[in-house]
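One structure is given below, encoded as structure tokens.
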Amino acid sequence: MTTGSIYSSSAASSNILEVNHLSVEYAAASGTVYALSDVSISLARGQILGLAGESGSGKTTLGYAITRLLREPAVITGGQVLYYPSDATQPVDVLQLTPSQLRAFRWSKLSIVFQSAMNALNPVLRLSTQIDDVLRAHEPQMSAQQRRERAHELLRLVGIAPDRINSYPHELSGGMRQRSIIAIALALSPEIIIMDEPTTALDVVVQREILTEIVRLREKLNFSVIFITHDLSLLLELADKIAIMYAGRVVETATCRELQRQPRHPYSYGMLHSFPTLRGPRHRMTGIPGSPPDLRDIPPGCAFHPRCPLAYESCSTIMPTLRRSAEETPDQLVSCHLYDVALSSERVPTNADFATSYEAAYAQSTFRRR
Ligand code: SF4
């Protein structure tokens, strides 16, 4: 397996985090689950990278692998996670950190905001105690007074009145609990925050408030974010760049603009047309027929081929690799044979081609279009 970076040296220097060829397996009694296979992504300094895909695409496993929070039976079977500190020339290989180095790395360089605030917060401890615990563990030189001041400052930062600091989690609204989790994640001013579906359990109004808060904080504090969600429409409003995942692999990476204008992978097109547009011209919703594969038994060749309306012979036998899709969009990488001149004599598909193919696929299937 290759272990080098897939990024050019100039791109690498502006990146704060790179994941190179990362693979994760779960040893289950019913067979090996290939949760991540050869995944490479990069996070640029100060940017928001969105990870999108259906359930089981590997996005949460990727977030946990980067933070080294995976527990047995999950095993990282290959690859690298490189963190580029702003004050050093050499990257840090996160997967090689010793337990004490890892403790120092987590929270102060990279922190994580989990999916459910109610589960992430300790229900029997006041907010003040939970923030204080983090500061005491990681900043032992701080006095009690300094920790109290910092806790108040953190709450103000995320829009919670400091007089709520002695509340228990159940005394806070869902939005306030999620803001509290973000405050705790910011406690040591990390350079990277991984957010795993941070707004899923919230109603749309509170969701909007939290997203606005994340954007405001990112601009104020200049941290970088990996934002994990199945909601691609949300990422299009929030992220700078998006990586689309399917069956444990990245199938396309692009800026939001590139992805909205011309998705290259048939799966990306299907995802983009699974929800109505809020702004701009309306498009016809197509959805994606079928279901994601069982990760113990991933289809050979391109894993998407049983659902892909543009699949042809080579797709079921040859595995595509991430490659540049077009000269004019050098940062838009796609894993699809349609962009490999050695395998496809067809011209590269346009949105109209994708739409026609999906229409034809629906005409032949029993899947009801929404
Ligand atoms: Fe579809 Fe083939 Fe491209 Fe896979 S490689 S997305 S099956 S056209």
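In each ligand, atom 1 is the first atom listed, and ligand 1 is the first ligand listed.
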For Ser57, side chain to side chain contact (heavy atoms under 4.5 Å, CB included) partners two or more places apart
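Applying side chain to side chain contact (heavy atoms under 4.5 Å, CB included) to Ser57 gives Lys59, Met245.
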
Among residues two or more places apart or on two chains, list those pairs meeting salt bridge (Lys or Arg N to Asp or Glu O under 4.0 Å) that have a residue in residues 90-107.
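Qualifying pairs, neighbours excluded: none.
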
Where is the tightest heavy-atom contact between Leu172 and Arg177, given as atom of each residue plus distance?
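Looks like O-NH1, 2.8 Å.
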
Can you check whether Tyr269 and His265 have ring centres sitting under 6.0 Å from each other?
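Centroid separation for Tyr269 and His265: 6.0 Å or greater.
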
Could you note down all residue pairs passing side chain to side chain donor-acceptor pair (under 3.5 Å) where residues 295-308 supplies at least one of them, sequence neighbours left out?
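Listed by first then second residue: Ser30-Arg296, Glu54-Arg307, Tyr246-Arg307, Asp294-Arg296.
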
Less than 3.5 Å apart, any donor N or O on the side chain of Gln260 or Arg257 sitting next to an acceptor on the other?
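No, no side-chain donor-acceptor pair sits under 3.5 Å.
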
Ignoring water, what protein N, O or S atoms are under 2.8 Å from atom 3 (Fe) of ligand 1?
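Under 2.8 Å from atom 3 (Fe) of ligand 1 - ignoring waters, which are not counted - the protein N, O or S atoms are Cys336 SG.
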
